[in-house]
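Just so you know, ligand 1 is whichever comes first in the structure, and atom 1 is the first atom listed for that ligand.
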Amino acid sequence: TGPVLALVGATGAVGTVMVDIMNGRESVPWGEIRLIASARSAGKKITVRGEELTVVALSPEAFDGVDVAMFDVPDEVSAEWAPIAASRGAVAVDNSGAFRMDDEVPLVVPEVNSDQISNRPKGIIANPNCTTLSMMASLGALHREFELRELVVASYQAASGGGQAAIDRLRAELEAVAGKDVGVRAGDVREVLDAAGLPVADSPFPAPLALNVIPWAGSLKDEGWTSEELKVRNESRKILGIPDLKVSATCVRVPVVTTHSLAVHAVFVREVTVEAAHKIFAAQPSIVLVDDPAAKSFPTPADVVGGDPTYVGRVRQALDFPNALDFFVCGDNLRKGAALNTYEIAEGLADRL
Ligand code: 2RA
């Protein structure tokens with residue numbers, strides 16, 4: 001016995017991490033775990049907690065008897081199927097962008113606004129975008145104490161935010177440039193990629209990613225902003241419950257496979273010190289503070305990938321801005337940034353069913 005959990009998108013990049021997370025848990029509250037994917041992946045076998053499960057095809061009937069359905073599928077698939085799951089009695093926990101800004105759908109980061117889990121008129125709960133999510137535990141904790149007023153961030157986003165094809169592309173580009181005297185003349189990276197049969201026109205990224213950084217993530221929105229930058233603004237406001245929070249974001253893709261980082265400049269209503277911020281971060285179970293400048297100790301994606309917590313370092317009191325802190329955050333975008341947060345919401349639901 002125990003509630004029935006469905007995982008929709010079980011064979012995708014994030015779905016695979018969700019299975020890993022469930023396999024790594026000491027115990028799970030579920031009486032049954034059902035794996036659901038597109039008809040193409042139906043019939044695949046995946047071992048979950050020692051039991052070999054067969055992936056079933058997405059259909060309305062697949063949700064019969066399901067209490068909680070975690071979705072990690074493209075926006076348009078969620079838009080169609082999360083309401084179907086809800087109409088069959090499941091609570092849908094959706095990791096797509098389809099419902100995040102819907103007023104009737106809570107956008108939840110458990111350590112910041114878990115109270116919102118019960119407020120779900122549509123039977124749907126949304127999981128934030130991984131870029132926003134990577135800094136929410138730290139900002140939520142600081143906001144509780146000092147009241148956040150303004151936020152200026154630059155992201156350093158990993159390729160895997162773009163899915164498996166984006167990871168494959170970065171690896172292929174790295175292989176093409178490895179050991180070559182390249183990156184020394186304008187356009188030479190593109191030439192090497194062209195010669196390797198990897199023209200940028202075929203890439204999920206709008207420029208070479210190997211030996212480069214790309215100030216672009218998502219799609220073009222009004223006045224030159226990208227969808228990703230607007231998500232950071234709108235989702236931060238909704239999660240933190242500060243509708244008029246001033247936010248400015250620049251989202252940048254970097255040649256990292258997995259783990260998003262953000263440089264954060266946060267302005268508060270009340271006076272804030274590095275010492276007080278350190279204490280607040282250290283008290284958060286989901287944050288690891290790595291901040292010893294003299295020892296050159298700070299978080300980097302290479303050191304934190306694969307972990308569940310958010311890592312925070314380089315905490316500084318802004319020299320020229322009152323009540324402002326600057327700091328650097330790293331979080332595994334596939335784990336806390338996607339699969340783990342979704343699973344934590346599902347676990348929270350299991351407790352309340
Ligand atoms: C990205 N945040 O990194 C997106 C994925 N949801 O591309």
Evaluation steps, salt bridge (charged side-chain N to carboxylate O under 4.0 Å, His left out), between Glu229 and Arg233: CA-CA 7 Å; Glu229 289 156 352; Arg233 178 171 182 253; over 6 Å; no
Plane angle bin for Trp30 and Tyr343 - parallel if under 30°, tilted between 30 and 60°, otherwise perpendicular: perpendicular
Option of least heavy-atom distance to atom 2 (N) of ligand 1 (set: His260, Glu228, Lys231): Glu228
Check: Gly161 N/O within less than 3.5 Å of ligand 1 N/O: yes
Contact check, side chains of Val77 and Phe71, non-hydrogen atoms, under 4.5 Å: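 No, their side chains stay 4.5 Å or more apart.
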Atoms in ligand 1 with a heavy atom of Gln157 nearer than 4.0 Å: 1 (C), 2 (N), 3 (O)
Tyr311, Phe281, Phe298 screened by ring pair (Phe, Tyr, Trp, His ring centres under 6.0 Å) with Phe327, the one that passes: Phe281
Test log, rule side chain to side chain donor-acceptor pair (under 3.5 Å), inputs Gln157 and Asn333: CA-CA 9 Å; Gln157 295 181 219; Asn333 51 300; over 6 Å; no
Atom 7 (O) of ligand 1 - nearest protein heavy atom and its distance: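 The closest one turns out to be Arg253 NH2, 2.7 Å.
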Element-labelled atoms of ligand 1 that are located less than 4.0 Å from some non-hydrogen atom of Thr131: 2 (N)
Atom 6 (N) of ligand 1 - nearest protein heavy atom and its distance: Asn129 OD1, 3.1 Å
Side chain proximity check, Arg25 to Met22, heavy atoms < 4.5 angstrom: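 SC-SC contact between Arg25 and Met22 ruled out.
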Numbered atoms of ligand 1 (with element) below 4.0 Å of Cys130, judged on heavy atoms: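 Atoms satisfying the 4.0 Å criterion: 2 (N), 3 (O), 4 (C), 5 (C), 6 (N).
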